[in-house]
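Each ligand, and each atom within it, is numbered from 1 in the order the structure gives.
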Amino acid sequence: MNKYPFKLEALPYSYSALEPFIDQETMTIHHTKHHQAYVNNLNAALDKYPEIKNPLFELLQNPELIPEDIRAQVINHGGGTYNHNLFFTILKKNDGLGPKGHLLTAINRDFGSFDEFVNLFQTAAKSQFGSGWAWLVTDLNGNLSVTSTANQNVPKTGIPILAIDVWEHAYYLQYQNRRPDYVSAFSHVINWDEVEKRYLNR
Ligand code: MN3
């Protein structure tokens, strides 16, 4: 995931695995066209600077480390690469029971309840104006917060453990203008075991 040059990671499930919540055509185009393009454009930008080997996420949170002439490209396409690597690996049709274990304990502690977390996360996703992302982020001590960002920007601080892509390319074929319906359906395709793994590995 962090090897230069970057490669498009294969999905750990089939393109139809998330139906009916996210349809096969959306998943196929999202992964093979959009995600692939971010990876290609990131590699093209970095081509001039073979000495750069930082973890991609470090560059994205500290853009002053990126040479100025490729900074915007790395923020946009490196962000697109990193964000989709996270997004596609935390998806799986779930049993509807939500998170368990240490993650559930932390969610209850930091948001009051799982329902309150869902409300905050969905509100962040629905109210992000234009293209962007909503996130569940942990700090190094395990404190959780919800935030949103525009474009392919990553959260300025903390470590993302869950993300929803609210660019229209993530839902428009199936949901058209109905972003709230996509955001609600997304609850059914969160791989909570994977999110907890990321929480514990922070
Ligand atoms: Mn996308």
message: Side chains of Asn85 and Tyr38: any donor to acceptor distance under 3.5 Å?
response: no

task: Not counting sequence neighbours, which residues clear salt bridge (Lys or Arg N to Asp or Glu O under 4.0 Å) with Lys100? List them please.
output: Asp193

- request: Quick one: list whatever passes salt bridge (Lys or Arg N to Asp or Glu O under 4.0 Å) with Arg202, sequence neighbours left out.
  value: none

- request: Measure the acute angle between the ring planes of Tyr4 and Phe6, then classify it against the limits of 30° and 60° as parallel, tilted or perpendicular.
  value: tilted

task: Measure up the His31 and His35 rings against each other and bin them: parallel (under 30°), tilted (30 to 60°), perpendicular (over 60°).
output: perpendicular

- prompt: Which protein N, O or S atoms lie under 2.8 Å from the Mn ion (ligand 1)?
  reply: His30 NE2, His84 NE2, Asp165 OD2, His169 NE2

Residues that Lys197 engages under side chain to side chain contact (heavy atoms under 4.5 Å, CB included), provided they are two or more places apart: Glu194, Asn201

